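The structure appears below as structure tokens.
Just so it is clear, the structure is predicted and the values come from calculations on it, not from any experiment. Note on naming: letters A, B, ... go to the chains in the order of the sequence lines (proteins, then strands), and numbering restarts at 1 for each one.
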Number of protein chains: 2
Amino acid sequence: MPAPTTAEAATSSQPTAGNGVERLYSTDLASEIEFLTARARSLGSGRANNMLAELDLKVRSYSVLSLACSGQNPSQRELADFLSLDPSQIVALVDQLEKRGAVTREADPRDRRSKVIAPTAAGRRLYKRAEAIVQQASDHSLSALNEQERETLRDLLRRIAF
Amino acid sequence: MPAPTTAEAATSSQPTAGNGVERLYSTDLASEIEFLTARARSLGSGRANNMLAELDLKVRSYSVLSLACSGQNPSQRELADFLSLDPSQIVALVDQLEKRGAVTREADPRDRRSKVIAPTAAGRRLYKRAEAIVQQASDHSLSALNEQERETLRDLLRRIAF
DNA sequence: AAAATATGATTGACTTTTTCAATCATATGG
DNA sequence: CCATATGATTGAAAAAGTCAATCATATTTT
């Protein structure tokens, strides 16, 4: 087995824990922001998905539920645009949430083609629980950063994400 | 047609351009770091994939090629660990790159089960070109940030990505 | 107003990506 | 030597993403 180049301690999370991959930390790829973003997201949503499984939710369905509960009365089209998903994927996600009684499709008086996604009382309760879980997952994923650093990260990301 | 709530100008990129989704920018979801990370990555790798298409590469194959060219002589197992991919996905990626003559599988004298992925001369040339394209794509995706902010972002991401 | 055109939701087909279990060859620890 | 673990590979199945077509309703044009 090839010996690790630099003796890197297990400072942070537990992702590739134990593996002998530290050798690749020094590559060009490992310092590309795009790569780091992809990796951070993979780790983060992986953990969130695992933890949300206990509510039979995934990050996707959580996102839809969250927007439904936002008070902004999003239509399916808006959900698709905002979440960068195909409208047909929204149909499937809303179907699931509707089937379990968490949201309803309300007619939009302004445009009868459009369906506004609204939460039920049960949906709001579900969202409350899911929100707490996502918060926990996020706390775990971001444990290496203090509150100020998280705020900085949030701002920087917001500027490249919109 | 529902009128936009706040008149937000097209300050940044061109993602959800023109859409009336600005209303959702103020939701809780829109300020979750995990959500922003996912969105940034989706936009970034989307653009990179589009631009890499001219070399018949994707972000995935580019990453493998990049690590092959890193001088770190990664094995397939290491690529799988580092890229958080299933070993079978690495097989497919390396197959493609090998078929087009960009990399080879070299036997590892230390462990004859293991295959070290090495670039060919053509592979290095391909990587050079791909690197330039990815750099361009990245520049575009990160255009809202100055050099110092990019450095900050890189550091913060590195700390949560490893 | 009627006709033409555009848009939101939905469906279905199809491709790609992900995830898993099984297998073979080789290592490693007893 | 035996038992067990690991790297690469294959193949199957599940999930996610992409696209074109359709229906109902809006909007625009003539």
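Atom pair A:Asn49:CG and D:dA14:P shows a separation of 19 Å (rounding to whole Å applied). Straight-line distance from the CG atom of A:Asp56 to the P atom of D:dA15: 11 Å, rounded to whole Å. In this structure, B:Gln76 atom CD and D:dG7 atom P are separated by 11 Å, rounded to whole Å. For A:Arg112 and C:dA6, the CZ to P distance is 22 Å, given to the nearest whole Å. Rounded to whole Å, the distance from CG on B:Leu79 to C1' on D:dT6 is 16 Å. For the pair B:Asp86 CG and C:dA21 P, the computed distance is 11 Å after rounding to whole Å. Distance, A:Arg110 CZ to D:dA26 C1': 14 Å, rounded to whole Å. The CD1 atom of A:Ile90 sits 16 Å away from the C1' atom of C:dT11 (whole-angstrom rounding).
Heavy-atom nearest nucleotides on DNA chain D were determined for A:Arg113 and for B:Arg105, and the one closer to the 5' end corresponds to B:Arg105. Of the two residues contacting DNA chain D, namely A:Leu85 and B:Ser75, the nearest-nucleotide position lying further toward the 5' end is that of B:Ser75.
Centroid-to-centroid, the aromatic rings of A:Phe35 and B:Tyr62 stay 6.0 Å apart or farther.
Under the 4.5 Å side-chain criterion, counting only non-hydrogen atoms from C-beta, A:Ser45 is not in contact with B:Glu34. By the 4.5 Å heavy-atom criterion applied to side chains, B:Arg47 and B:His140 are counted as neighbours. For the pair B:Leu145/B:Thr152, no side-chain contact is recorded, criterion being any heavy-atom separation below 4.5 Å from C-beta on.
Here the side chain of B:Ser114 is nearest to one of C:dT18, D:dT25, D:dA8, namely D:dA8.
Here B:Gln89 reaches the OP1 or OP2 of C:dT18: one of its side-chain N or O atoms lies under 4.0 Å away. Look at B:Arg77 and you won't find any side-chain N or O under 4.0 angstrom from OP1 or OP2 of D:dT9. The shortest distance between the side-chain N/O atoms of A:Lys58 and the OP1/OP2 oxygens of D:dA15 is not below 4.0 Å.
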Item to check | Trace of the side-chain contact (heavy atoms from CB on, under 4.5 Å) decision for A:Asp28 with B:Glu131 | outcome: CA-CA 10 Å; A:Asp28 287 347; B:Glu131 198 185 18; 3.9 Å; yes

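Note on A:Ser88: a base of the nucleic acid sits closer than 4.0 angstrom, heavy atoms only.
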